[in-house]
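Each remark here refers to the structure printed beneath this line.
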Amino acid sequence: MKTNIRRLKSFIQFFIGAASIALVCYVSLEVTVEVWKHGDDTDWLNAYISNLNWQSLCMILSGCVVLLTMGFPRQAVSFFCGVGFGALQGGLIALLLTVLSACIAYALANGPLRSLAVRLLGTKLKPVENKLAKRSFRNVLIVRLFPVGSNLITNAVAGVLSVPFVPFIAASAIGFAPQTFLFTLLGSGSRFVSSLEQPLQIGGLVISLFLLLSLSGIARRSEPS
């Protein structure tokens, strides 16, 4: 009887949590819908942002954090911030929103998702956690600098496997920076963006590949002979 009650409580808690997340996502989409509908029209966005009061702007930015947490493309948010705040200030704001969303996603994954993973996999998680903890900063930086990939999956895996938080968030902030400032430059209408885009993309790929190769070399040297 007690087991059934415990299962019922767990189901109710899960349902309430899922419903709350769905509601927050819906509200965030409603708050930001006009921005994404006219996302490629810089003139419209400029006029729209200039007519917003600070409360409405804070609501939109908060909605952006929620959407980024759920896997919304950070490039779109960076472009919007570039239009609204300019290249430098917009880049810093977009980077802050993206890092904040990574923190939230990590916390969510490190709580309910980790409990589920531990329940399903048990001690099998420990060896993977130990490996990731050794060079967590480098591992996360490789993923963040790579031109393609899913931030949602990276955040979820890092949280579930309890990657140390400080290296995770520091590497994320550094790895997010190149593309974030590239798209805020694009949103701000900078004429230099076309000359910066390709070098930044290639640079991120080269650095991530270099880190990946060096990590493989370290792993081989650390293997017992």
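Note that these values count all heavy atoms, side chains included, but never hydrogens, waters or copies made by symmetry.
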Identify every side-chain donor-acceptor pair in residues 57-69 under 3.5 Å, counting partners at least two apart or on other chains, and give the distances.
unit_1, atom_1, unit_2, atom_2, d
Ser62, OG, Cys58, O, 2.8
Thr69, OG1, Val65, O, 2.7

Output side-chain donor-acceptor pairs under 3.5 Å for residues 81-94, partner residues at least two apart or in another chain, one line each.
none

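Trp36 approaches Ala76 most closely through the heavy-atom pair CZ3-O, 3.9 Å. The two atoms that bring Ser162 and Asn110 nearest to each other are OG-ND2, 3.1 Å, heavy atoms only. Considering every non-hydrogen atom in both Ala102 and Arg144, the closest pair reads CB-NH2, 4.2 Å. The nearest pair of heavy atoms linking Thr184 to Ser78 is CG2-O, 3.0 Å. Contact record, Ser50 with Ala47: OG-O, 2.8 Å, taken as the closest heavy-atom pair.
Of the inter-residue distances, the one linking Arg74 atom CZ with Leu95 atom CG reads 9.0 Å to the nearest 0.5 angstrom. Atom CG of Leu97 is separated from atom CZ of Phe80 by 9.5 Å, given to the nearest 0.5 angstrom. Atom-to-atom distance recorded for Phe137:CZ and Ile169:CD1 is 11.5 Å, nearest 0.5 angstrom. Put simply, OG1 on Thr180 and CG on Leu96 are 11.0 Å apart, with the number rounded to the nearest 0.5 Å. Distance SG/Cys103 to CG/Asn155: 9.0 Å, rounded to 0.5 Å. Distance check: Leu108 CG to Met70 CE gives 6.0 Å after rounding to the nearest 0.5 Å.
Placement of Val77 and Leu29 within a single hydrophobic cluster is found when ILVMFWY residues are connected by side-chain heavy-atom separations under 4.5 Å, directly or transitively. Using a 4.5 Å cut-off between side-chain heavy atoms of Ile, Leu, Val, Met, Phe, Trp and Tyr, with links allowed through other members, Val31 and Val24 fall into different hydrophobic clusters. Note on Leu23: it does not cluster hydrophobically with Val33, by side-chain heavy-atom contacts below 4.5 Å among ILVMFWY residues. No path of Ile, Leu, Val, Met, Phe, Trp and Tyr side chains, each step under 4.5 Å between heavy atoms, connects Leu152 with Phe168, placing them in separate hydrophobic clusters.
Relative ring orientation between Tyr48 and Trp44 is described as parallel, the plane-to-plane angle staying below 30° on a 0-90° scale split at 30° and 60°.
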As a quick check of understanding, evaluate side-chain hydrogen bond (donor to acceptor under 3.5 Å, both in side chains) for Asn53 and Ser56, giving each step before the final call. CA-CA 6 Å; Asn53 55 40; Ser56 300; 2.9 Å; yes
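Tyr106 places a side-chain N or O within donor-acceptor distance of the main-chain N or O of Val163, the cut-off being under 3.5 Å. Of the possible donor and acceptor atoms, one in the side chain of Asn46 sits under 3.5 Å from a partner among the backbone N and O of Thr42.
Checking Ile142, Val140, Leu141 one by one against Arg138, the side chain to side chain contact (heavy atoms under 4.5 Å, CB included) holds for a single residue, Ile142.
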